[in-house]
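Here is the structure we will look at.
Within every chain, numbering begins at 1; the chains are lettered A, B, ... in the order of the sequence lines, protein sequences first and strands thereafter.
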Number of protein chains: 2
Amino acid sequence: MNDDTLKLKNQLCFPLYACAKEVVKKYSPLLDAIGLTYTQYIAMMVLWEKKSMNVKSLGEHLYLDSGTLTPLLKKMEAQGLVMRKRAEKDERNVIVSITKKGEELKAKAYQIPEQMSACISLPPEEAKMLYQLLYKVLGQISV
Amino acid sequence: MNDDTLKLKNQLCFPLYACAKEVVKKYSPLLDAIGLTYTQYIAMMVLWEKKSMNVKSLGEHLYLDSGTLTPLLKKMEAQGLVMRKRAEKDERNVIVSITKKGEELKAKAYQIPEQMSACISLPPEEAKMLYQLLYKVLGQISV
DNA sequence: ATTAATTAAATTGTACTCAATATATTTATT
DNA sequence: AATAAATATATTGAGTACAATTTAATTAAT
């Protein structure tokens, strides 16, 4: 409640906000080269691993809702990276699944994580610490 | 270059991106109560401290450019929180300065940092560690 | 079985965010 | 002084991101 309480330098939220933004910005040229945006990239990472998933579940993995995902996935469908199809068992669900073209894109994406870690060169222990602290906050906050 | 390289769980960028988003989202109801968005809030923090600053310099403090700040500051001017005025010495600069109403808003904002830290309850050493790691990455990346 | 409640996507509207470009002003060069 | 280069904002367009609402489908309750 003193005079420093509201200084930007004393907030934890701000470096979090700014750092996330700058990191995503740093990805842009790398992702441009394979025709993805950052949001599309993290969606593809889930689909490269899981092959297929409904929108709701994809949103839980990515912390995104249908308002963001629906138009994003439609664009990715238009690019031929994914297919969207209502589930037969429960037609409320839209199943998003990766296409052959989407699978093939993975080969081009392999280099991206290492190119990025060259930009953000934290020592391994510090990177691990940061990773753990971020997931700790993420776990607490979404309660 | 192995099969785990592109898994979401192995990226440092993702918890950073998701955590920043969730934290900002957690601020929303608190900031709604005083009529600010998160971006307006961090801009106000700079102005509560510095009183006055040109757009360029404000953008350097916040890691934002004129494309974001110009419309943001116009809205804040319309709300009576700030004034915008071309500098007399160098008319390329727009000086943003806080108004009486903007100053008065500070009293209502004092409670927000503590309300937020109740939501994100990291032990002090861990919060400090996270803070330092984020600024370290931020410093490296913007080179 | 019919109605009510719940769930999953989609839609709408508001607010960033940034790249790229345009405009106006100032400074540096010739 | 006239021209070129640099600087600070503003504008435009594309892409999120989310709250709130709508629609359609499913499940629960009577």
Q: On DNA chain C, check which nucleotide each of B:Thr39 and A:Ser57 is closest to and give me the residue with the more 5' one.
A: A:Ser57
(Q) Quick one, B:Tyr17 with A:Tyr63, criterion ring pair (Phe, Tyr, Trp, His ring centres under 6.0 Å). Give me CA distance, side-chain angles, the key distance, then yes/no. (A) CA-CA 10 Å; B:Tyr17 158 85; A:Tyr63 293 84; 8.9 Å; no
Q. Taking the side chain of B:Asp65 as heavy atoms from C-beta outward, which of C:dA19, C:dA10, C:dC16 is closest to it?
A. C:dA19
Q.
Between the base of C:dA15 and the side chain of B:Thr37, is one N or O donor paired with an acceptor at under 3.5 angstrom?
A. no
Q. Does any N or O donor sit under 3.5 Å from an N or O acceptor when you compare the side chain of B:Ser66 with the base of D:dA8?
A. no
Q | Atom pair distance, as rounded to whole Å: NZ in B:Lys56 and P in C:dT26 | A | 17 Å
**Q.** Whole-Å distance separating the NZ atom of A:Lys25 from the C1' atom of C:dA20
**A.** 14 Å
**Q.** B:Asp90 vs A:Lys21, nearer the 5' end of DNA chain C by closest nucleotide
**A.** A:Lys21
Q | For atom NZ of A:Lys26 and atom P of C:dC18, their distance in whole Å | A | 13 Å
**Q.** Out of D:dT9, D:dT16, D:dA24, whichever nucleotide has its closest atom nearest the side chain of A:Leu72
**A.** D:dT16
Q: In whole angstrom, give the distance that lies between atom NZ of B:Lys75 and atom P of D:dT11.
A: 13 Å
Q. Roughly, in whole Å, what's the span from CZ in B:Arg92 to C1' in D:dT9?
A. 11 Å
Q. In whole angstrom, what separates A:Glu91's CD from C:dT7's C1'?
A. 15 Å
